[in-house]
Amino acid sequence: MTATLLPLQSSFIQLRDAIEYSATGVVKKTLLKDNNCQYNLLCLAAGLEISEHNSARNATINVVAGKGVLTLEGKDIVLEPGVFVFMPARAPHALKSEENLAFVLTFSEGK
């Protein structure tokens, strides 16, 4: 079982304190997980690329820091702080970080 940073009760975290980057890949921290959703903090070093893939679950991205480009169903979306993206289940997507990039990735039930 993956350790989570928050318990399943009222709680909070300062996301910028949890951000950390690795030159060798993605740093993923599970913030919270229950029966319906999983909330992860993903931190990607500048220049990292994740090739096109999809997920069986709906997902959202909420950018906390940095800059990157998400290619979602063939359309480029600039990721920067404050951007929120919804990705339906099975939507093809790829990602490139132009700067160190941190975002909250939330998985929920798909269709």
Atom [atom1] in [X], atom [atom2] in [Y]: separation rounded to 0.5 Å?
X    : Y   : atom1 : atom2 : value
L70  : I61 : CG    : CD1   : 5.0 Å
L101 : L42 : CG    : CG    : 9.0 Å
K67  : L79 : NZ    : CG    : 10.0 Å
L31  : K28 : CG    : NZ    : 10.5 Å

Could you tell me whether the side chain of [X] and the main chain of [Y] form a donor-acceptor pair under 3.5 Å?
X    : Y   : value
T71  : A94 : no
T106 : T60 : no
N58  : A89 : yes

- [ ] Count the heavy atoms belonging to other residues, nucleotides or ligands that lie under 6.0 Å from CG of D34, then report whether that count exceeds 12.
- [x] yes

- [ ] May I have all residue pairs that pass side-chain hydrogen bond (donor to acceptor under 3.5 Å, both in side chains) and include part of residues 37-47, sequence neighbours excluded?
- [x]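 Counting only pairs at least two positions apart or across chains, the side-chain hydrogen bond (donor to acceptor under 3.5 Å, both in side chains) contacts touching residues 37-47 are T30-N40, Q38-N40.
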
Can you see which heavy atom on [X] is nearest to which on [Y], and at what distance?
X   : Y   : value
H93 : N54 : CE1-CA, 3.8 Å
G66 : P81 : O-CD, 3.2 Å
V69 : E98 : CG2-OE2, 3.2 Å

Task: Intermediate values then yes/no, side chain to side chain contact (heavy atoms under 4.5 Å, CB included), M87 and L105 - done: CA-CA 10 Å; M87 297 184 295; L105 175 66; 4.2 Å; yes

Taking distance alone, no hydrogens or angles, what donor-acceptor pairs closer than 3.5 Å link side-chain atoms of residues 18-26 to residues at least two apart or in another chain?
{"from": "E20", "atom 1": "OE2", "to": "K29", "atom 2": "NZ", "distance (Å)": "2.7"}
{"from": "S22", "atom 1": "OG", "to": "T24", "atom 2": "N", "distance (Å)": "3.3"}
{"from": "S22", "atom 1": "OG", "to": "T24", "atom 2": "OG1", "distance (Å)": "2.9"}

Task: Heavy-atom side-chain contact between P92 and E73 under 4.5 Å - done: yes

- [ ] Check whether any side-chain heavy atom of L41 lies under 4.5 Å from a side-chain heavy atom of I13, and answer yes or no.
- [x] no

Open item on the list: Walk me through whether I50 and L44 qualify under side chain to side chain contact (heavy atoms under 4.5 Å, CB included).
Closed with: CA-CA 10 Å; I50 299 174; L44 289 71; 3.8 Å; yes

Hydrophobic clusters here meaning ILVMFWY residues chained together by side-chain heavy-atom distances under 4.5 Å, can you tell me if [X] and [Y] are in one?
X   : Y    : result
L32 : L15  : yes
L72 : V104 : no
V83 : V64  : no

